[in-house]
Amino acid sequence: QVHLVESGGGSVQGGGSLRLSCAFSTYTYSRFYMYMGWFRQSPGKEREGVARINSDGSTTYADSVKGRFTISQDNAKNTLYLQMNSLKPEDTAMYYCAASFSARSGFDLRVRDFNYWGQGTQVTVSS
């Protein structure tokens, strides 16, 4: 079981930066097998994967955000982050934090691979 709460969304001009946070809570022993990710969804579009971090610290990114976004995790603070730089209007979406469990590291960004979801935080980028 995982509880996730996102924060940090807002409005920014193109080229600007935002950092999203996701506070999580779960059983201590579960962290060793937990992987987490960020997804986003715009009106009328399907939810898409943005970035993922495995329990061993390995990461993967969607091509559209590589070199601009960075996912990180601070287990001491029970917080997942998404640092977003060089934001573009097409990054506008509701951003969701997600988590699940596996003994193996993976690199897929599929919605169906994540069982626990936060409520989302809105990011709006103006041109």
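The basis for the numbers below is simple: all heavy atoms, side chains too, and nothing from hydrogens, waters or symmetry mates. Worth saying up front: this structure is predicted, and the values here are computed from it rather than measured.
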Inset, instruction - Could you tell me whether the side chain of Asp56 and the main chain of Ser58 form a donor-acceptor pair under 3.5 Å? - result: yes
Inset, instruction - Keeping the roles fixed (side chain from Thr121, backbone from Tyr95), state whether a donor-acceptor pair exists under 3.5 Å. - result: no
Inset, instruction - Verify whether the ring centers belonging to Tyr116 and Phe24 lie closer than 6.0 Å. - result: no
Legend entry - More than 12 heavy atoms of other groups within 6.0 Å of Tyr33 OH: no
Inset, instruction - Check whether any side-chain N or O of Trp38 sits under 3.5 Å from a backbone N or O of Tyr81 as a donor-acceptor pair, and report yes or no. - result: yes
Inset, instruction - Work out which heavy atom in Leu109 is nearest to a heavy atom in Phe39; give both atom names and the distance. - result: O-CE2, 3.7 Å
Legend entry - From CG (Asn54) to OG1 (Thr59), nearest 0.5 Å: 8.5 Å
Inset, instruction - Would you confirm whether Glu6, through its side chain, and Gly120, through its main-chain N or O, come within 3.5 Å as a donor-acceptor pair? - result: yes
Legend entry - Heavy-atom side-chain proximity of Leu82 to Arg40 below 4.5 angstrom: no
Legend entry - Distance-only polar pair, side chains of Asp74 and Thr79, donor-acceptor under 3.5 Å: no
Inset, instruction - Check whether Leu80 and Phe101 end up in the same hydrophobic cluster, where Ile, Leu, Val, Met, Phe, Trp and Tyr are linked by side-chain heavy atoms less than 4.5 Å apart. - result: yes
Legend entry - Side chain proximity check, Ser55 to Met34, heavy atoms < 4.5 angstrom: no
Inset, instruction - Any chance you could measure Gln119, atom CD, to Leu4, atom CG, to the nearest 0.5 Å? - result: 9.0 Å
Legend entry - Pairwise distance CD(Gln13) to OG1(Thr124) - rounded to 0.5 angstrom: 13.0 Å
Legend entry - Which atom of Val123 lies closest to which atom of Leu20, heavy atoms considered: CG2-CD2, 3.9 Å
Legend entry - Spacing of CG belonging to Asp91 relative to OG belonging to Ser86, to within rounding of 0.5 Å: 9.5 Å
Inset, instruction - Working to the nearest 0.5 Å, report the span between OG of Ser42 and CZ of Arg47. - result: 11.5 Å
Inset, instruction - Working to the nearest 0.5 Å, report the span between CZ of Arg19 and OG of Ser72. - result: 7.0 Å
Legend entry - Side chain Thr26, main chain Gln1, donor-acceptor under 3.5 Å: yes
Legend entry - Distance-minimising heavy-atom pair for Ser17 and Asn85: OG-OD1, 2.9 Å
Inset, instruction - Check for a donor-acceptor pair, side chain of Tyr61 on one end and backbone N or O of Ile71 on the other, with a separation under 3.5 Å. - result: yes
